[in-house]
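Note that the coordinates shown come from a computational prediction; the quantities given were computed from them, not determined experimentally. One-based numbering, in listed order, for ligands and for the atoms of each. Basis for what follows: all heavy atoms, side chains included, without hydrogens, waters or symmetry-related copies.
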Amino acid sequence: VQPPEKPLQAEEWNKLREDFQLPEIFEEVMLNSMIRCNSPIDVAKSLLTHVAKRNGDIAYNVLVKYLTLCVQQGQVSEILDVYDIMKVRFKILESGAYNLLVRGLSNSDQWRMALTILDEVKKIMIPSRTCYESCIKAASRHQEMKLACELYNEMLAKDVVPTLDVLQSFFDFSRGMKGAELQKELFGILLYLRENQIYPHKTFMRSIKLWFESLPGGNWRGHLTNIKDSGQCPVCNHQLEDSKLTEEEYSNLSERIIRDVIHGTDTFRKTSPKEFEAFQTFVENRLPFDIVIDGLNVAHIKSRRMQCENLFDAVNCLAKENARLLVLGRKHMLTNSANWKREIMKEMQNKADFFFAENISEDDAFLLYATLRSGKHCRFVTRDFLRDHKACLSDSLTRHLFRKWQRGHQIVLKKKSFPSVFSQQPAFRYDCVVQTTGDTWHIPYKDVFEEKYSYQVPRKWLCIQQKL
Ligand SMILES: [Zn+2]
């Protein structure tokens with residue numbers, strides 16, 4: 001339906017409604033169309049007035065649609081009116097309506113009202129990321145950085161994960177601002193990137209650089225650079241953190257993860273205890289391996305090739321160095337299908353040990369167990385990122401160690417050059433992660449924006465040093 005251009009009288013709305021195929025959803029369809037066409041607010045309002053007169057009442061979802069239109073057009077006083085109506089009528093709203101209200105108000109001079117609504121939301125649920133981020137940005141825009149930081153910390157405490165966008169906004173809005181407390185908070189954001197192995201993209205990196213350089217009396221200077229293979233920064237000659245874990249770090253990490261894997265308290269375990277036991281016995285009898293391969297994952301690297309051929313190429317390349325390989329497979333690989341040829345499977349089994357799990361099992365637990373039990377030298381191949389192991393990674397030290405181990409031990413097969421020139425991400429001697437010594441910061445960054453985390457570490461760095 002095409003919304004009218006001017007407000008209508010009751011009779012005119014009635015007429016339109018009667019002509020409509022499904023009169024019972026007429027208002028909803030009409031409002032959706034108004035949202036799409038960004039119709040004038042008084043047209044929508046005349047429809048609502050008509051509905052109220054007819055039914056003595058306006059349904060919740062109709063109000064929310066009207067609210068959407070108001071937010072879309074930044075009609076602040078209407079937003080507040082709708083909120084008043086809804087509050088009285090429904091007491092508690094669902095999160096979609098709260099998101100709208102907060103978003104609409106946070107962009108206006110009534111932004112403090114958005115904070116009031118956020119407080120309301122907190123009483124009944126964990127506010128959404130959108131709610132927090134709208135309020136944080138509103139506070140930042142009005143130079144209330146302390147408030148913005150409080151909201152940010154509160155959000156983290158509730159396990160609401162911030163977007164890169166809101167993290168970047170802190171650096172943009174704090175530019176040139178004084179204050180030791182604020183500086184500490186922004187350093188904290190950089191450490192958050194470190195802990196979660198997040199790499200900023202180019203524009204975010206620029207915001208960080210500009211913020212540092214704007215600090216009054218700070219004498220910070222940033223340069224873009226590539227780190228030498230030795231791990232030395234060509235700009236400031238500083239040596240980056242070593243990528244190797246110490247013996248103690250390694251044993252702490254592997255004990256912690258293996259314990260969680262074996263006791264199965266963690267989501268690592270998606271397999272039956274019996275199958276995992278069989279796997280353990282298998283591994284213990286053949287230790288140690290040099291490389292553990294997630295077979296199914298590697299098999300999908302090039303979709304145009306047969307899956308067993310992909311795996312075959314990977315095994316051949318990795319076997320060259322005389323390495324002891326373990327391939328984690330699935331039982332269906334043994335069925336001699338179009339993707340899995342028996343002869344090729346046979347040949348591979350001469351070059352590597354294979355463990356075939358039930359078709360449904362997820363590999364992470366197997367992969368981690370076999371790699372960690374093999375020792376510090378053992379690496380693993382998967383294109384997955386092992387990101388979801390919350391229980392095990394709940395404390396920040398273990399999380400840091402796990403990510404560091406992952407960076408140093410995960411072999412990444414590059415799709416482009418694979419398999420003709422088999423290439424793997426070089427094992428850097430230095431650790432590719434945000435790092436600081438106090439008067440220097442080194443921040444790896446990516447050329448492109450990726451909200452999704454990637455397993456490939458960037459080669460470009462921002463070097464920031466303070467000239468005292
Ligand atoms: Zn440097």
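Classification of Lys302 and Asp313 as a salt-bridged pair fails, no side-chain N sitting under 4.0 Å from a carboxylate O.
Inclusion of His238 in the first shell of the Zn ion (ligand 1) is not supported: no N, O or S atom falls under 2.8 Å. Taking 2.8 Å as the threshold, His223 does not count as a candidate ligand of the Zn ion (ligand 1), since none of its N, O or S atoms lies below it.
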Candidate pair Lys244 and Glu249, rule salt bridge (Lys or Arg N to Asp or Glu O under 4.0 Å), full reasoning: CA-CA 9 Å; Lys244 288 195 190 68; Glu249 285 174 331; over 6 Å; no
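Glu181 CD: 12 or fewer foreign heavy atoms inside a 6.0 Å radius.
For Phe366 and Phe276, the distance between ring centers is under 6.0 angstrom.
Here the angle at the Zn ion (ligand 1) defined by NE2 in His442 and SG in Cys236 stands at 100°, rounded to 10 degrees.
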